[in-house]
There are 2 protein chains.
Amino acid sequence: MISTELLKGSLKSIVLKLLAENGRMYGYDITRRVEELTAGKIKLTYGALYPVLHKLEVEGSVTTESENYNNRTRIYYKLTPKGNNFAVEKIKELEEYMEVMSMLLKPNIQSGLIGS
Amino acid sequence: MISTELLKGSLKSIVLKLLAENGRMYGYDITRRVEELTAGKIKLTYGALYPVLHKLEVEGSVTTESENYNNRTRIYYKLTPKGNNFAVEKIKELEEYMEVMSMLLKPNIQSGLIGS
DNA sequence: TATAATATATAAGAATCTGATATATCAAGA
DNA sequence: TCTTGATATATCAGATTCTTATATATTATA
């Protein structure tokens, strides 16, 4: 299980990535998909997820469709064209962040040997 | 320039990584090293960095040595044995997080083609 | 009958970061 | 001489985001 502290700031990007890939999803679905894709190492909390989804809706990045399945309400979220552009941008940013972080993480031979 | 939003949660791990690698560093030094290692893509703010350093000291993860260099005070931070163990743990966690995030980021063929 | 899974939602509190502000020295250029 | 930029630490109000707890409700399983 990954310390959720690290997840801070990337939740929105993850949600956008999943929506861009899966067309439309509902909240509960998103948490399960993340769990599945990360082999159970990331478990989203609803207290974090729903505010993000609502905010994306207010921003005009997603539209919602409420459907009934076995007497349970599902609220599907789907990217708008604007949301899709935003998703592309955020995913690119996250990928760049990952690259930069790997620069920081790799053993730094300069400072470790030559620089001292 | 990386959106600093993504940095949330990993700042402490980055600081620990640099201290583990460089023996001792002072605050200003850390910001420059991060800028250097990330090709200017990450610029730490002091409002974020100093509270982290102070917290690490309170927790007993680092000790400080104040030195004077050209009439400018430098406060060097150095890992304690406890801090070193903590650093190893946090760096491992960050590496695991990077792996997990790459699982989420890679194009998902299952859901994209087969699953639909 | 009770528990687990399914499904959404909110809110208080905690943690963390941004951006502004403050202080001070030294070097370089106008 | 004066101003700007680099060097160096520090704090704080405000914003943002996440955690944890709580609430509600249905269906399936033990």
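Because the structure is a prediction, the values reported are computed rather than measured. So that the names make sense, note that chain A is the first sequence line, chain B the second, and so on, each numbered from 1.
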With a 4.0 Å heavy-atom cut-off, tell me which residues in residues 47-67 of chain A come close to DNA chain C, sorted by residue number.
Gly47(A), Tyr50(A), His54(A)
For Glu89(A), all residues meeting salt bridge (charged side-chain N to carboxylate O under 4.0 Å, His left out), sequence neighbours excluded
none
For Glu57(A), give me all partners under salt bridge (charged side-chain N to carboxylate O under 4.0 Å, His left out), at least two apart in sequence or on another chain.
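For Glu57(A) there are no salt bridge (charged side-chain N to carboxylate O under 4.0 Å, His left out) partners, ignoring immediate neighbours.
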Value in whole Å for how far the [atom2] atom of [N] lies from [atom1] of [X]:
{"X": "Tyr76(A)", "N": "dA7(C)", "atom1": "OH", "atom2": "C1'", "answer": "11 Å"}
{"X": "Lys12(B)", "N": "dA15(C)", "atom1": "NZ", "atom2": "P", "answer": "10 Å"}
{"X": "Leu7(A)", "N": "dC17(C)", "atom1": "CG", "atom2": "P", "answer": "14 Å"}
{"X": "Tyr69(B)", "N": "dA6(D)", "atom1": "OH", "atom2": "P", "answer": "17 Å"}
{"X": "Glu35(B)", "N": "dT7(D)", "atom1": "CD", "atom2": "C1'", "answer": "13 Å"}
{"X": "Leu11(B)", "N": "dA15(C)", "atom1": "CG", "atom2": "C1'", "answer": "13 Å"}
{"X": "Tyr28(A)", "N": "dA25(D)", "atom1": "OH", "atom2": "P", "answer": "19 Å"}
{"X": "Tyr46(B)", "N": "dC12(D)", "atom1": "OH", "atom2": "C1'", "answer": "18 Å"}

Thr73(A): side chain to side chain contact (heavy atoms under 4.5 Å, CB included) partners, not counting sequence neighbours:
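With sequence neighbours excluded, Thr73(A) shows a side chain to side chain contact (heavy atoms under 4.5 Å, CB included) to Ser66(A), Asn68(A), Ile75(A), given in chain and number order.
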Set of side-chain hydrogen bond (donor to acceptor under 3.5 Å, both in side chains) partners for [X], sequence neighbours left out:
{"X": "Glu99(A)", "result": "none"}
{"X": "Arg72(A)", "result": "none"}
{"X": "Tyr28(A)", "result": "none"}
{"X": "Glu36(B)", "result": "none"}

Sequence-distant partners of Tyr46(A), ring pair (Phe, Tyr, Trp, His ring centres under 6.0 Å), two or more places apart:
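Partners of Tyr46(A) by the ring pair (Phe, Tyr, Trp, His ring centres under 6.0 Å) criterion, ordered by chain and then number, come out as Tyr50(A).
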Phe86(A): what forms a ring pair (Phe, Tyr, Trp, His ring centres under 6.0 Å) with it, not counting sequence neighbours?
none
Considering just the side-chain nitrogens and oxygens of Thr45(A), establish if one lies under 4.0 Å of OP1 or OP2 belonging to dT19(D).
yes
Please tell me if Tyr26(A) has a side-chain N or O lying less than 4.0 Å from either OP1 or OP2 of dA7(C).
yes
Output yes when Arg24(B) and Glu67(B) qualify as a salt bridge under the 4.0 Å nitrogen-oxygen rule, no when they do not.
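Salt bridge present between Arg24(B) and Glu67(B).
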Carboxylate-amine/guanidinium contact Glu21(A) Arg33(A), below 4.0 Å:
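Here Glu21(A) does not pair with Arg33(A) in a salt bridge, since their nearest N and O are not under 4.0 Å apart.
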For the helix from dT1(C)-dA30(D) to dA30(C)-dT1(D), what angle lies between the axis at the first five pairs and the axis at the last five pairs, to 10 degrees?
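Between the first-five-pair axis and the last-five-pair axis there is 10°.
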5'-most by nearest nucleotide on DNA chain D - Ile75(B) or Ser10(A):
Ile75(B)
Polar atoms only, N or O, under 3.5 Å: list the protein pairs with nucleotides 26-30 of chain D and their distances.
from: dT26(D); atom 1: O2; to: Arg72(A); atom 2: NE; distance (Å): 3.0
from: dT26(D); atom 1: O2; to: Arg72(A); atom 2: NH2; distance (Å): 2.8
from: dT27(D); atom 1: OP1; to: Asn71(A); atom 2: ND2; distance (Å): 2.6
from: dT27(D); atom 1: O4'; to: Arg72(A); atom 2: NH2; distance (Å): 2.8

